[in-house]
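Reviewing the structure listed below.
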There are 2 protein chains.
Amino acid sequence: MEDVARLAGVSLKSVSRVVNREPHVSDALRAKVEAAITTLAFVPDAAARSLAGSRTFIVGLLFDNPSPNYTIKIQSGVYRACMEQQYHLRIDSIDSDRPHAQVEAQLDAIVRNSRCDGFILTPPLTDNIQVLAFLERRSIRYARIAPNSELGRSACVAIDDSAAGALVARRLWALGHRRLGVVTGPPLHRAGERRRTGFLNALKELGATLPVAEANGSFAFEGGIAAGTALLAHEPRPSAIFATNDDSAAGVMVACARAGLRVPHDISLCGFDDSWVAKSVWPYLTTIYQPIEEMGYAAASLLLDRGETGDRQLMLDFHLVERDSLAPPPDHPA
Amino acid sequence: MEDVARLAGVSLKSVSRVVNREPHVSDALRAKVEAAITTLAFVPDAAARSLAGSRTFIVGLLFDNPSPNYTIKIQSGVYRACMEQQYHLRIDSIDSDRPHAQVEAQLDAIVRNSRCDGFILTPPLTDNIQVLAFLERRSIRYARIAPNSELGRSACVAIDDSAAGALVARRLWALGHRRLGVVTGPPLHRAGERRRTGFLNALKELGATLPVAEANGSFAFEGGIAAGTALLAHEPRPSAIFATNDDSAAGVMVACARAGLRVPHDISLCGFDDSWVAKSVWPYLTTIYQPIEEMGYAAASLLLDRGETGDRQLMLDFHLVERDSLAPPPDHPA
DNA sequence: CGCAGTCTTGACAGCGCTGACTGTTTGATT
DNA sequence: AATCAAACAGTCAGCGCTGTCAAGACTGCG
C-alpha cells in the first residue's frame, strides 16, 4: 500500500479511502490512486484489514441440509456474490437435530473463531428461532434463505412455497387427478411444510373431496422410496403424487418401478426444486423450478449491501418445469 | 491473549508458544496456560496471527469439476481435516477449459487475494502442468487428488484407477460378457483415462478378441445419455457397458430405458465413484467405490502435516459395490 | 471582507499476535 | 567445582492496514 501511496503521491490513508470507497474523496485523487493500484496490481491484505478495521471481509454460510444438490447451488450463488464484493466465503455445517445447548456451543465456536461479518442461513436453520436469537444477542447480521415465518425479522430471500404448492395442485387437478398423495419433508423444514399446505389448500378450493394421502420422505432419496412405497399401498391408490423435493421424488420413482407402475402412464409424479436429480431419472421429472443459485446470490448481496436500506425481503420467481412425469390418470384419459 | 497471560502469570510469548505447540515449553507452564485458556475461553485471532506470522491458517480448495456430488464430498473431507487442525477453508472454482493465460490470471488473483498456506487440487486441475508450474514458481505448497502422472511431484492422494478399471473388466468377463462398451470421460481427465486403459488392458489379457466400443460421456448425465445411445447403436451391440463415472452411467441407464432395454436383464452396466447417483437410479448401480470424502481428508492432512517427512503419496482402497445393474448376458445365461 | 461550516487530505496510533533476539535456569560432563 | 550446552522464559518491534483527530482548502453568506 505504501508503494501505491508513493507512486500516486498521496498519503496511506487516501489510498485506504479509495480502496474502501469512502466518501469525501476528490475525483482527481481517486483517479491517481486507482491508476497506481492498477499499475502495481495492488491487492489489500485481508488479514491486516480485518485486524485494523471493524470488518473481517468474511461471510459465513451455515447449512444443515440433507441435499448436496441444494447445498452446492446455494454455495455457488453465495460465492459469486462474495467475489463481486471482495468478500471471502467460509462454510460451516451445523447439525441442528441435536439438543440446543450443543448447537449453541457449536455456533459459539464458529462465531468466535471466524468473526464473520455476517451469516447466511439455509433451511432448516432459517427457521430455528434459537439460532436467530443467538445471532441477534450477539448483534451479528444474517440473511435467511427460504424462511417460513417472521419475514421481517431479517433480510431474507424466498419463493412463495405455498403458491408453488398450489400451482402443482392446480396442474394435477387439471389433468384429471382426484386421488392425490404428498411426500412431505422433515417436520422442521418449514418451507417444505408450506409447499404441503399450499398444495392441500388449493386442492380444497378446487373442490377435492377425497383425503390426500401423506408420507414423510425426509427430503432424501431413501426416504422417498419408503414414502412412495407407503403411498402406493394406500387405499385408494393415488393416481398422482407430489413430492416436496426432487430427491424424494426420485425415491418415489424407484418405489413405482418396484411396484411395477410406469410413470407417467400409471401414476403421475411431480417434484420440487428442479435440482440436478430431476434430469437424472427416467422419465425426466416434472418439477417446480426454484432459482436456488440466485437465492444464494441474492441472500449474500442483501447481507453485504452496506446501503442498509432497512432489512429487505426478496421474493424470487418460480415456475413449473414440464417434463415427462405427468399425464392424465389411467382411469380418466384426457 | 493478554488476559490469559495475566491469569497464568506468564508472558505473552509463552501463551503464544503454547497455542502454537512450539517446543521448549515446560509441562508446568503449558498446564497453567492451558487452564487459563480454558477458563477464559480464549480463541486466538486469525487475522492477527496471519498478519504477524508467516502462516495464514487458510487452505484453498481449487476445483473445476462437473460433478457436484464429487465436489461436495471432497469438500466435506477437506473441511473436516481443516477443522481438526484449526485451519480455515477457502473454496475457489477455476474454469480450466479457457486459454491458459486466463487461467493463470485467475489463479494469480486467487493466490494474491487469499494468501493461502496451501492448495488442494482436484481433477482435472490435478494434472494441469501449467497450474502446477505456476504454484511451484511461487513456491506454494499443494496437494493433489487423483493425479495421473508425476506422483512424486507433490503430496498426493489417489486410488489405483487402472486396477479399478481392470477389476470391472474381470467381473464383467466372469459373468460371461464378451461384447463390451466403455463410456469415457473428458479427454483431459487423466484418472478417467486410467480407468479406461486399465479396463481395456485387462480385457486384452483376459483374451478378448472383439474390439471394445467407446463413446465419450464427459462425466455428465447428459453426456451419458448421448454416449449410451451411441453405444447401443453399435454393431454388435454391447452386452455390458462400463461408464467411467456414475453420472454418465445414470445417463446410459436412461439411454437403455429409451431403447427399451432392461438393466440388467438385457444389458449390464457398471459405474464408477459410488456417488449419490448410484442409488438414485433404478436399478441401483453396481459401481466402484472410491473413498472420495477420505481423499479430501487425506489430501488436506498431507498438506497441513508440518512434519514434512518429504512429499508423500497415499493410495487409498477401492472396491466393487455389487448392486443390481450387473447380470450375465441374455444370450449366455450363467 | 470575515467567519462559520463543509469538503478534502494527512499524521499517527494501534488492532492482536509472532519472529528474532536476549537473558536465565537446568543438567550433563569433565 | 567449574564449564558449557540445551532447555526454558521473556522483551520488543512491527506485520499492513483503518479509525480518530486535526489541519488546510474551499464555500457561501451576512
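Every chain is numbered from 1, with letters handed out A, B, ... down the list of sequences. Everything numeric in this text was worked out from a predicted model, so none of it was measured.
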Within the sub-3.5 Å range, which N or O atoms of nucleotides 25-28 of chain C have a protein N or O partner, and how far apart are they?
none

Holding to side chain to side chain contact (heavy atoms under 4.5 Å, CB included), I want the full list of residues that pass it with B/R137, two or more places apart in sequence or in another chain.
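With sequence neighbours excluded, B/R137 shows a side chain to side chain contact (heavy atoms under 4.5 Å, CB included) to B/E104, B/A133, B/F134, given in chain and number order.
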If you look only at pairs with a residue in residues 28-61 of chain A, which of them pass as a ring pair (Phe, Tyr, Trp, His ring centres under 6.0 Å), with sequence neighbours excluded?
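Qualifying pairs, neighbours excluded: A/F57-A/Y87.
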Measuring to OP1 and OP2 of C/dC17, would you say a side-chain N or O of B/R49 lies under 4.0 angstrom away?
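No, because none of the side-chain N or O atoms of B/R49 sits under 4.0 Å from OP1 or OP2 of C/dC17.
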Taking only side-chain N and O atoms of B/S26, does any of them lie within less than 4.0 angstrom of OP1 or OP2 on D/dA9?
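For D/dA9, OP1/OP2 do have a side-chain N/O of B/S26 under 4.0 Å.
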Quick one, B/C82 with B/V78, criterion side-chain contact (heavy atoms from CB on, under 4.5 Å). Give me CA distance, side-chain angles, the key distance, then yes/no.
CA-CA 6 Å; B/C82 287; B/V78 171; 4.0 Å; yes
So does A/E294 pair up with A/R80, basic N to acidic O under 4.0 Å?
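Yes.
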Check side chain to side chain donor-acceptor pair (under 3.5 Å) between [X] and all other residues, then give those that pass, not counting sequence neighbours.
X	result
A/T56	A/D117
B/R49	B/N20
A/E22	none
B/D92	A/Y79

With heavy atoms under 4.0 Å as the rule, sort A/S50 into base, sugar-phosphate or nothing.
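A/S50: no heavy atom of the nucleic acid under 4.0 Å.
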Give one of base, sugar-phosphate or nothing for B/F57, where a contact means two heavy atoms less than 4.0 Å apart.
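Result for B/F57 = nothing.
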Let me know the distance between [atom1] of [X] and [atom2] of [N], rounded to the nearest Å.
X	N	atom1	atom2	value
B/E2	C/dT18	CD	P	14 Å
B/M1	C/dG19	CE	C1'	12 Å
B/R55	C/dG19	CZ	C1'	12 Å
B/L40	C/dG16	CG	P	15 Å
A/L29	D/dG24	CG	P	18 Å
B/K32	D/dC8	NZ	C1'	12 Å
A/D3	D/dG16	CG	C1'	12 Å
B/R30	D/dC8	CZ	P	9 Å

Ignoring hydrogens and angles, tell me if any N or O in the side chain of B/E293 forms a donor-acceptor pair with the backbone of B/Q75 under 3.5 Å.
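Between the backbone of B/Q75 and the side chain of B/E293 there is no qualifying donor-acceptor contact (under 3.5 Å).
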Just grab all the side chain to side chain donor-acceptor pair (under 3.5 Å) pairs involving residues 34-48 of chain B, residues at least two apart or on different chains.
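Residue pairs passing side chain to side chain donor-acceptor pair (under 3.5 Å), neighbours aside: A/R115-B/D45.
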If the condition is ring-ring contact (aromatic ring centres under 6.0 Å, His included), which residues does B/F318 pass it with, not counting sequence neighbours?
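So B/F318 forms no ring-ring contact (aromatic ring centres under 6.0 Å, His included) with any residue.
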Test side-chain hydrogen bond (donor to acceptor under 3.5 Å, both in side chains) applied to B/D64 and B/S96, step by step
CA-CA 7 Å; B/D64 172 23; B/S96 61; 2.5 Å; yes
Each nucleotide N or O in nucleotides 13-15 of chain C that has a protein N or O under 3.5 Å away: list the pair and distance.
unit_1: C/dC15; atom_1: O2; unit_2: A/L51; atom_2: O; d: 3.4
unit_1: C/dC15; atom_1: O2; unit_2: A/A52; atom_2: N; d: 3.3

Given the rule in the side-chain contact (heavy atoms from CB on, under 4.5 Å) test, do A/I145 and A/Y70 qualify, once you have shown the distances and angles that lead to the verdict?
CA-CA 12 Å; A/I145 291 176; A/Y70 186 85; 3.7 Å; yes
With side-chain contact (heavy atoms from CB on, under 4.5 Å) as the test, would you mind laying out the steps for A/R141 and A/F119 before giving the verdict?
CA-CA 7 Å; A/R141 289 170 58 98; A/F119 287 95; over 6 Å; no
Under 4.0 Å, heavy atom to any atom of DNA chain D: which of residues 8-24 of chain B qualify?
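Contacting residues: B/V10, B/S11, B/K13, B/S14, B/R17, B/H24.
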Please round to 10 degrees the angle between the axis of the first five pairs and the axis of the last five pairs in the helix from C/dC1-D/dG30 to C/dT30-D/dA1.
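About 30°, once rounded to a multiple of 10°.
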